[in-house]
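Below: one structure, written as structure tokens.
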There are 2 protein chains.
Amino acid sequence: MLKAERRNFIMTKLVKEQRVNTIELAEVLGLSEDTIRRDLNKLHVKGLLEKVYGGAIPVSNKEENVFDIVISNEKKKREIGLKALSLLHDGQVIIMSGGTTNLVFSKLIPPLLKATIYTYSLPIAMQLSQYQNIDLIFIGGKMQKNAMVTIGMDVLQVLSKIKADICFMGASSINIKQGLTEVGYEVSIVKKAMLEASDKVVSMFTADKLNSKTPHVVCGIDRLNTIITDLNPDDELLKEYHSAGVIVL
Amino acid sequence: MLKAERRNFIMTKLVKEQRVNTIELAEVLGLSEDTIRRDLNKLHVKGLLEKVYGGAIPVSNKEENVFDIVISNEKKKREIGLKALSLLHDGQVIIMSGGTTNLVFSKLIPPLLKATIYTYSLPIAMQLSQYQNIDLIFIGGKMQKNAMVTIGMDVLQVLSKIKADICFMGASSINIKQGLTEVGYEVSIVKKAMLEASDKVVSMFTADKLNSKTPHVVCGIDRLNTIITDLNPDDELLKEYHSAGVIVL
DNA sequence: TTATTTACTGCAAATAATTGCAATGTTTTA
DNA sequence: TAAAACATTGCAATTATTTGCAGTAAATAA
């Protein structure tokens, strides 16, 4: 592990847990406490954290910035996104749902791809707005604040009027029996409309979502053309999905 | 393997794994570490990666992060925003245009304000999405990428159907004769629609926009109820506007 | 206060990076 | 075509960085 990686690891842990402990870090990283302390000192000098006796905490006066989106499991999500790139082609009409997996994917899109992309996620739209050859259409409506996506009638109405080649859909949970399920009712409705509007449906999610369930059904797995996870496609966990006729990447 | 190929290989691996290790690369490519280091140096000089002890990591893309919005004259814009706060009341229906002045204003809104806000700007929507008591409606449409706002028919259609109490409108340029003018045609059209949809129009801009002109007319100054700048309201520069019946804050 | 835990400092060993140099291969020029 | 100029690569010597350890200092807890 490179030093830079290690410092990243520390910062990520700090953001996630709002504190880090010197001894614990030394154990986890398999290094001496001295080294960890030196890292913490460097990060402190850079103003990235506040050192305290026993470890470190986030810098106190750092005002909460809505534009800093914390992505968990970013590495896994990047692997997923890289696999998904093979599904992109010039000229496609694409619908992208929200979620951090799709956000990571958005960052990996080839800079010169020519495509039309519909989305209803603010962060994804911001990310995609940097691509010069992409026609980007934001699906307006009432904002669901925590997820930063639009929901409701307006969204459904727009989706009912478009026809896309492919749809990249995040997932709260998936299992063989119920298929794709969502935490929120409104989001499940919107996702249903996305399905209807797309020829092909690709669902991307980290393996921890496999074989879990949330309240609102979106669709059975027979409705999915492709699923992409961070696992090897012939992992035991994915066997059932493959048998059910889903392409597993 | 050509040198160019090799460097491509390194860059690809770097993007995929977010790190490369000198020794590992030397093994994989069957070359000495020295050669790899020379490659990494070249790529570093070209700005394609960040060299660190033991290998390299991607260039810290903090600078080109779309989520980091650079705000010029932030201090002045904050002054303007603070003045504008007096115009906010619970229960209002508000339309907010884009621009960094409005973005700064958005950050200053009292956390508990109860209001309905329509906007067509991605950054402003992201900012406003943190307020729990604000009903936020994003006006969808085709994205204009540099400004990160939606434009076009869809936007006009939504605006034609709403009625707001107040509209906070940024400005490219303003002068006594032509009034408010814009750089882009599409944006000027959208702003006209905003005017029509609002009882009251407030325009906020830094003083450097005063007495300047851009190609596309939005409206005469008689159409503005209030203008807010970073100047003192009875500054000489604002006299004419005051005489024309505009409230100057 | 004392005991205990945590942090800092200098030092040495290990690891990595840089530099000059020579051998080899490639391109340009006469 | 041959010679010269240039580029690439690996090696060795030198230099720089990182790391853990030991001793000591500082902070916290009892």
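Note that the structure is predicted; figures quoted are calculated from it, not measured. Protein chains get the first letters and strands the later ones, always in sequence-line order, with residue 1 at the start of each.
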How long is the span from the CD1 atom in B:Ile57 to the CG atom in B:Leu14, to the nearest 0.5 Å?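 Going from the CD1 atom of B:Ile57 to the CG atom of B:Leu14 covers 8.5 Å.
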Between CZ on residue A:Phe67 and CD on residue B:Gln130, distance to nearest 0.5 Å: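 The distance works out to 9.0 Å.
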Scan for salt bridge (charged side-chain N to carboxylate O under 4.0 Å, His left out) pairs involving residues 204-218 of chain A, sequence neighbours excluded, and state none if there are none.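 Non-adjacent pairs meeting salt bridge (charged side-chain N to carboxylate O under 4.0 Å, His left out): zero.
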Selection residues 120-138 of chain A - residue pairs positive for salt bridge (charged side-chain N to carboxylate O under 4.0 Å, His left out), sequence neighbours left out: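 Passing the test, one end in residues 120-138 of chain A: A:Asp135-B:Lys142.
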A:Arg6 side-chain proximity, nearest of C:dA7, C:dA16, D:dT19: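 Minimum distance to the A:Arg6 side chain belongs to D:dT19.
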Which one, D:dT8, C:dA7, D:dT19, comes nearest to the side chain of B:Lys3?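 The answer is D:dT8, which lies nearest to the side chain.
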Base, sugar-phosphate or nothing for B:Lys42? Non-hydrogen atoms, less than 4.0 Å.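 Nothing, no heavy atom under 4.0 Å.
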If you define the side chain from C-beta out and look only at heavy atoms, does anything of [X] sit under 4.5 Å from [Y]?
| X | Y | result |
| --- | --- | --- |
| A:Phe105 | A:Leu82 | no |
| A:Val246 | A:Asn225 | no |
| B:Thr150 | B:Gln144 | no |
| A:Ile80 | A:Thr101 | yes |

Please give, in whole Å, the distance from [N] [atom2] to [X] [atom1]?
| X | N | atom1 | atom2 | result |
| --- | --- | --- | --- | --- |
| B:Leu40 | C:dT18 | CG | C1' | 13 Å |
| B:Asn21 | D:dT18 | CG | P | 15 Å |
| B:Leu25 | D:dT9 | CG | P | 14 Å |
| A:Leu29 | D:dT19 | CG | C1' | 14 Å |
| B:Asp39 | C:dA16 | CG | C1' | 16 Å |
| B:Arg37 | D:dT15 | CZ | P | 17 Å |

C:dA7 phosphate, OP1 or OP2, under 4.0 Å from A:Asn41 side-chain N/O: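 The answer is no; no side-chain N or O of A:Asn41 sits under 4.0 Å from OP1 or OP2.
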Generate the contact string for nucleotides 20-30 of chain D. Rules: B means base contact, S means sugar-phosphate contact only, - means no protein heavy atom under 4.0 Å. BBB----BS--
Protein within reach of the bases, or only the backbone? For nucleotides 22-27 of chain C, mark each nucleotide 5' to 3' as B, S or -, using heavy atoms under 4.0 Å. ------
Among A:Arg7, A:Lys3, A:His44, the one residue meeting side-chain hydrogen bond (donor to acceptor under 3.5 Å, both in side chains) with A:Asp39: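 Only one of A:Arg7, A:Lys3, A:His44 forms a side-chain hydrogen bond (donor to acceptor under 3.5 Å, both in side chains) with A:Asp39, namely A:Arg7.
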Under the side chain to side chain donor-acceptor pair (under 3.5 Å) test, residues paired with A:Asp235 that sit two or more places apart: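 Not a single residue meets the side chain to side chain donor-acceptor pair (under 3.5 Å) criterion with A:Asp235.
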Are the charged groups of B:Lys75 and B:Glu79 less than 4.0 angstrom apart, N to O?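 Salt bridge flag = no for B:Glu79 with B:Lys75.
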Let me test you: for the helix from C:dT1-D:dA30 to C:dA30-D:dT1, what is the angle between the axes at its two ends (five pairs each), rounded to 10 degrees?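 Taking five pairs per end, the axes differ by 30°.
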Want to settle it: does B:Ile23 or A:Thr22 sit nearer the 5' end of DNA chain C, counting the closest nucleotide to each?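 Of the two residues, A:Thr22 wins.
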